[in-house]
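Below is one structure, written out as structure tokens; the observations come after it.
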Amino acid sequence: MESNSKTIVWFRRDLRIEDNPALAAAARNGSVFPVFIWSPKEEGQFYPGRVSRWWLKQSLIHLEQSLKSLGAELVLIKAQSTLSALLDCIEAVGATKVVYNHLYDPVSLVRDHNIKQKLGELGISVQSYNGDLLNEPWEVYDDDGKVFTTFDAYWEKSLRLQKEPVSHLPPWKLIPAAGSVKMCSVEELGLENESEKSSNALLGKGWAPGWSNADKALTEFVENQLLAYSKDRLRVGGNSTSLLSPYLHFGEVSVRKVFNSVRLKQILWTKEGNSVGDESASLYLRAIGLREYSRYICFNFPFTHERSLLNNLKFFPWNADQARFKAWRQGRTGYPLVDAGMRELWATGWIHNKIRVIVASFFVKFLLLPWQWGMKYFWDTLLDADLESDIIGWQYISGSLPDGHELERLDNPEVQGFNYDPEGEYVRHWLPELARMPAEWIHHPWDAPLTVLKAAGVELGMNYPNPIIDVDVARDRLMQAIFIMREKEAAANAADANGTNEVVFDNSENVGDSVNPKVVKGKVPCPSSSSYDQRVPSMQKGSTNKKRPNPVEEEKKFKDNWLSCKIKTEGKISKADDDLCSTAESSSMKKQMTTSRNSFSVPQAISMSYDIKSFDGEASSHVKLQNEEEIDMEINSCKNGAIAE
Ligand SMILES: Cc1cc2nc3c(=O)[nH]c(=O)nc-3n(C[C@H](O)[C@H](O)[C@H](O)COP(=O)(O)OP(=O)(O)OC[C@H]3O[C@@H](n4cnc5c(N)ncnc54)[C@H](O)[C@@H]3O)c2cc1C
């Protein structure tokens, strides 16, 4: 041990003492100077939302106390530039080394690279560690040395690469490095505005941020709920999953520890012949694998926060409609399950994975809103807002991943309501205006007899909206949009025989700059960042039709572009079969049955051979979407639980 070595420990999203490789290495080496630097300017477009900043503040307070009890102080700095703040620390302390744990999101990748380079040029030793993943994104390749682009193959290989569990013991004592820098209190970091405090106070009732609370939550889950995870994880109300996502996002629990605790249980259950436990543990580890995969994809394809991995949405005719965007955000789409999810998100900062899939799919498939807007809104409102998981989630539902939902797939929230909230309890909880609706009608109040609506005190168009768009119209519009997209794509491919089209955004010209969500902190508010339009929905004036409104206007908008695809698809749309499976399961069935009332696929007549751009930007492979291939892929993802389900 070089006892006089002074090391700056740069904390970021690794707010824990246990199994923290950077902290452990610094503590072994001599004295430490732990620092957390908050630079809102550098966060740019991805400045965290209110609830996420609340969580961060509580975690920093927790970490501050823990470090103090070990003998060191956490230095908090609010800075314009992280690099200059680090340089100030180095100078004040006389440090020769900076250590930190890796981050993989596109913003951090660029910043960390620059800082490492600059410090290196100044002769400061910089050492970074893996504190966030089981395997580094550059450690997992296929047999040809290529990057995986499907989850199953990636996860299988990752599991094979698992080494003996190595855990960095927490230091029992820290030797503080002395030095005076311009530090501030956690309050002065400005993570929480005065106006946010009353709303935030409620969050403390449901959540306890901080690494030792993460530890307790993990133990409680593994001991008491993990066994039933395979059965409970699709239940949308109540605590059916581990709720570890915010802890994992801020690095308050080591993913290695999570993996090892669950794996140990699995070994035990396997020995006991407990197949339910075995399956639950596998599914849970798979969920952890999805988090790993999100970092893997973002690291290897760092453009994915802007454009789809498959580059397939380049020509998609997005409908950049602010009014629809607002209705979705406020939970006023007229589809109870979607609205309940959006109200829960706003009220609590958290929603179940299934609900994330449902509201996100509705956003893209029913409203044809650009997926990047939805991704940004989630980023602004989720307690566990995590850029990589958010990206992979939105890409998954919008047909942008080879093993995700197909773009053609349209799930009916009415049917999903009956599948995931059969008694309507979830909807009743979040939509008090529907509290007295009987279960039979709760997921489609527009079909309810007038007497039922009256008895329940529901006046459609007044105290609860009519559906923003009819399912059949939405289906037609989506199909037409895909048709247009493929037509344009074919034309572009024909014009560019080499197939070297490259774009920065998915059809950005269609979305338009003026409406594209931008920096949250700035003069021009991001459409998704304003809290003012999140008040209790105002009464809507309108018809009191109890049936779905005739969506004449919707159709009118698209009439001009309505091409021959309708003729081609006629006779293929069966209204008979309802989606009785889970979202993931249903898709394979849908494909085999061609189309149904609740989900449909664009028929082969209009699907075409299209380029899946090679992910490393080299030669692209021509992939013909054959029916059989599609079905196989979906069956596989269904069998394995799919990425987001
Ligand atoms: C559109 C969309 C956006 C999403 N945005 C986020 C986000 O911003 N932050 C976030 O943490 N998760 C996000 N997810 C993934 C997932 O919904 C949450 O991780 C999960 O619901 C968190 O609850 P839990 O901790 O109880 O999960 P559990 O079921 O208990 O899973 C354990 C852990 O595995 C990881 N995990 C589980 N499912 C996924 C998944 N599909 N993708 C990536 N990691 C997963 C999480 O770290 C989670 O904490 C998103 C999913 C979708 C479909």
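One-based numbering, in listed order, for ligands and for the atoms of each.
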Next on the checklist: Would Ala360 count as a polar contact of ligand 1, with the cut-off being nitrogen or oxygen pairs under 3.5 Å?
Outcome noted: no

Checklist entry - Is it true that Ile288 lies under 4.0 Å from ligand 1, counting heavy atoms only? => result yes

Checklist entry - Between Arg329 and Asp380, is the closest basic N to carboxylate O distance under 4.0 Å? => result no

Item to check | Ligand-residue contact atoms, ligand 1 with Val357, heavy atoms, under 4.0 Å | outcome: 53 (C)

Item to check | Result of checking Phe366, Trp328, Phe363 against Tyr335 for ring-ring contact (aromatic ring centres under 6.0 Å, His included) | outcome: Phe366

Next on the checklist: Between Trp55 and Ser59, is there a side-chain donor-acceptor contact under 3.5 Å, judged purely by atom types and distance?
Outcome noted: yes

Checklist entry - Are Asn101 and Asp132 close enough that a side-chain donor and a side-chain acceptor fall under 3.5 Å? => result no

Checklist entry - Are Tyr284 and ligand 1 in contact, using a heavy-atom cut-off of under 4.0 Å? => result yes

Checklist entry - Short list, please: which atoms of ligand 1 are under 4.0 Å from a heavy atom of Phe378? => result 1 (C), 2 (C), 3 (C)

Checklist entry - Is a side-chain donor-acceptor pair under 3.5 Å present for Glu388 with Tyr296? => result no

Item to check | Qualifying salt bridge (charged side-chain N to carboxylate O under 4.0 Å, His left out) pairs with a residue from residues 213-224, counting only residues at least two apart or across chains | outcome: Asp215-Lys257, Glu223-Lys265

Item to check | Closest to atom 48 (C) of ligand 1 among Ala287, Ser245, Ser398 (heavy-atom distance) | outcome: Ser245

Checklist entry - Would one find an N or O of Ser294, backbone or side chain, under 3.5 Å from an N or O of ligand 1? => result no

Checklist entry - Strictly under 4.0 Å, does any heavy atom of Tyr229 approach an atom of ligand 1? => result yes

Checklist entry - Below 4.0 angstrom, N of the basic side chain to O of the carboxylate: do Arg50 and Glu196 qualify? => result no

Checklist outcome for this item: Closest to atom 40 (C) of ligand 1 by heavy-atom distance, out of Asp386, Ile355, Leu290, Leu383, is Leu290

Checklist entry - Are side-chain N/O atoms of Gln266 and Tyr284 paired as donor and acceptor at under 3.5 Å? => result no

Checklist entry - What do you reckon, does Trp394 have a nitrogen or oxygen under 3.5 Å from a nitrogen or oxygen of ligand 1? => result no

Next on the checklist: Test of understanding: with side-chain hydrogen bond (donor to acceptor under 3.5 Å, both in side chains), list the residues that count as partners of Ser261, not counting sequence neighbours.
Outcome noted: none

Item to check | Contacting atoms of ligand 1, where contact means under 4.0 angstrom from a heavy atom of Ala385 | outcome: 8 (O)

Item to check | Leu243 N/O to ligand 1 N/O under 3.5 Å | outcome: yes

Checklist entry - Hey, does Trp350 sit under 4.0 Å from ligand 1 if you only count heavy atoms? => result yes

Checklist entry - Which of the atoms in ligand 1, numbered in the order shown and given with their element, are less than 4.0 Å from a heavy-atom of Leu248? => result 47 (O), 49 (O)

Checklist entry - Can you list the atoms of ligand 1 that are under 4.0 Å from a heavy atom of Arg291? => result 43 (C), 44 (N), 47 (O)

Checklist entry - Which of the atoms of ligand 1 are close to Leu382, meaning less than 4.0 Å from one of its heavy atoms? => result 5 (N), 7 (C), 8 (O)

Checklist entry - Gln225 and Asp232: side-chain donor and acceptor closer than 3.5 Å? => result no

Checklist entry - Considering only heavy atoms of Leu244, which atoms of ligand 1 have at least one such atom less than 4.0 Å away? => result 25 (O), 49 (O)

Checklist entry - Using a distance-only test with no angle check, is there a side-chain donor-acceptor pair under 3.5 angstrom linking His62 and Ser212? => result yes

